[in-house]
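Below is one structure; the comments refer to it alone.
What you see below is based on every heavy atom in this structure, not just the backbone, and it leaves out hydrogens, waters and symmetry mates. Keep in mind that what you see is a predicted model, and the values were worked out from it rather than measured.
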Amino acid sequence: MTGKPAGGSLLASAGLVATALLWGAMIPMTHALATKHLDPFFVSAIRYLIPAPLLIGMVFLFDRRSPFRAPLPWPTVFKLGGGMACFSIFYTIGIMLSDPVRAAIAMSCGPLVAALLTKLMLRVPLARGFWPAAVSAVIGASLVALDAVRPRAGSAGDTGYAGEALLVLAMVSWSWYSIKVQAWLGPLGWSQMRITCLTSLAGGILICALFAALASLQPTRLPVEMPSATVLGMLAWVGIGGAGLAILFWNFGVSHVGVPVATLYTSLAPVFSVGVAAAFFGSTVTLQQIAGGMLILAGVVRMQWLQARSIRPQKMV
């Protein structure tokens, strides 16, 4: 039996850790952008359009052909783009209405949402370890929710748990997209890079159209001055980093270690998110939040580890 070169696997691991960092830091940065600097719909749109030139270039680099070569099933591409657009809107507004720490903990339940939606849509058995992970998530989320009751009680502009509810819808939208994109575009023989490029571009176009309609009714949604260097830096991280380079690192990592193992690395994203929020954005992290988040994370990691253990031996050739 021979496997992937050790050097390539080490590089893949480093890339997947970088992916988790890029995705994790997006949460506090998106919160800061949407609450202090820019309109949330503008942030939703720009996060897909900023990396568009990079993604197009990556398709040329990896496929050595244009991503726009015919034939193109544009109705299908835009349906999938609609799923990405829903994810971006729910994600951005959900983070805006929550706070970075609670948002990170909520997003750590993503693998559970994906496993349940896969069961419902594809009629496949639930992932191994799903129910213990689900119980851990419920207990952990309850700890976080109870901890959040005290500061929220009687606070001005309290939106309850609308932010966390929207984040659940964001995870559902992303899982729907992830399932349908392989079912609809996978059989066409496209590379994952081309699929990501075209559906991301379609999602950005749809959100831009929505933002243009909103801005025509409320011109105050448009930026009135050149953003500061700090804001531009966060936009670059969210766009080029989170929606561009992270995808490159992700695809490279998956090609070496497979999806189940690669997904284990993404469990680091909430950890990075909480760390960045506390270190750079002044977020307060309580022991109860840490306990709840770790309980959720432990269940999710166990579920993913069981999947990786059952699949990885089949990848050896």
Item to check | Heavy atoms from other residues, nucleotides or ligands near CG of L217 exceed 12 (cutoff 6.0 Å) | outcome: yes

Next on the checklist: Looking at F68, I'd like to know if its CZ atom is crowded, meaning that more than 12 non-hydrogen atoms belonging to other residues, nucleotides or ligands lie closer than 6.0 Å.
Outcome noted: yes

Next on the checklist: Using side chain to side chain contact (heavy atoms under 4.5 Å, CB included), reason through T92 and F41 one step at a time and then give a plain yes or no.
Outcome noted: CA-CA 8 Å; T92 304; F41 287 97; over 6 Å; no

Is there a donor-acceptor pair under 3.5 Å between the side chain of [X] and the backbone N or O of [Y]?
{"X": "R194", "Y": "P67", "answer": "yes"}
{"X": "S98", "Y": "G94", "answer": "no"}
{"X": "S273", "Y": "A269", "answer": "no"}
{"X": "S216", "Y": "A213", "answer": "yes"}
{"X": "W23", "Y": "G242", "answer": "yes"}
{"X": "Q289", "Y": "V144", "answer": "no"}
{"X": "R69", "Y": "S66", "answer": "yes"}

Item to check | side chain to side chain contact (heavy atoms under 4.5 Å, CB included) evaluation trace for I56 with V59 | outcome: CA-CA 5 Å; I56 292 172; V59 174; 5.8 Å; no

Distance-minimising heavy-atom pair for [X] and [Y]:
{"X": "A106", "Y": "L167", "answer": "CB-CD1, 4.1 Å"}
{"X": "S283", "Y": "V101", "answer": "CB-CG2, 4.0 Å"}
{"X": "P40", "Y": "M96", "answer": "CG-SD, 3.8 Å"}
{"X": "A104", "Y": "V274", "answer": "CB-CG2, 4.0 Å"}
{"X": "A277", "Y": "P100", "answer": "CB-CB, 3.7 Å"}
{"X": "M171", "Y": "C109", "answer": "SD-C, 3.9 Å"}

[X] side chain near [Y] side chain, heavy-atom distance below 4.5 Å:
{"X": "M107", "Y": "P270", "answer": "no"}
{"X": "M303", "Y": "L112", "answer": "yes"}
{"X": "M84", "Y": "W174", "answer": "yes"}
{"X": "Y48", "Y": "L206", "answer": "no"}
{"X": "L21", "Y": "V17", "answer": "no"}
{"X": "M58", "Y": "C197", "answer": "no"}
{"X": "L201", "Y": "L55", "answer": "no"}
{"X": "L38", "Y": "L235", "answer": "yes"}

If two hydrophobic side chains count as joined below 4.5 Å and joins carry through other members, does [X] share a cluster with [Y]?
{"X": "F62", "Y": "L188", "result": "yes"}
{"X": "L295", "Y": "V168", "result": "no"}
{"X": "L97", "Y": "Y91", "result": "yes"}
{"X": "I139", "Y": "M294", "result": "no"}
{"X": "W131", "Y": "V138", "result": "no"}

How long is the straight-line distance from [atom2] of [Y] back to [atom1] of [X], given to the nearest 0.5 Å?
{"X": "S108", "Y": "L268", "atom1": "OG", "atom2": "CG", "answer": "12.0 Å"}
{"X": "S44", "Y": "F87", "atom1": "OG", "atom2": "CZ", "answer": "9.5 Å"}
{"X": "L185", "Y": "K79", "atom1": "CG", "atom2": "NZ", "answer": "11.5 Å"}
{"X": "K180", "Y": "M121", "atom1": "NZ", "atom2": "CE", "answer": "4.0 Å"}
{"X": "L16", "Y": "T266", "atom1": "CG", "atom2": "OG1", "answer": "9.0 Å"}
{"X": "L297", "Y": "I290", "atom1": "CG", "atom2": "CD1", "answer": "12.5 Å"}

Checklist entry - Taking the six-membered ring of W305 as reference, does the NZ or CZ atom of R302 fall below 6.0 Å from its centre and within a 45° cone about the axis? => result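 R302 over W305 ring: no.
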
Item to check | Residue pair Y177 / T199, side-chain donor-acceptor N/O under 3.5 Å | outcome: yes

Checklist entry - Does a donor on one side chain sit under 3.5 Å from an acceptor on the other, for Y265 and S13? => result yes

Checklist entry - What about W176 and W184, are their ring centers closer than 6.0 Å? => result yes

Next on the checklist: One pair to check against side chain to side chain contact (heavy atoms under 4.5 Å, CB included): F60 and R65. What are the steps and the verdict?
Outcome noted: CA-CA 5 Å; F60 275 107; R65 288 184 291 174; over 6 Å; no

Checklist entry - Run the side chain to side chain contact (heavy atoms under 4.5 Å, CB included) check on M26 and M234 step by step: do they pass? => result CA-CA 8 Å; M26 277 205 314; M234 287 192 290; over 6 Å; no

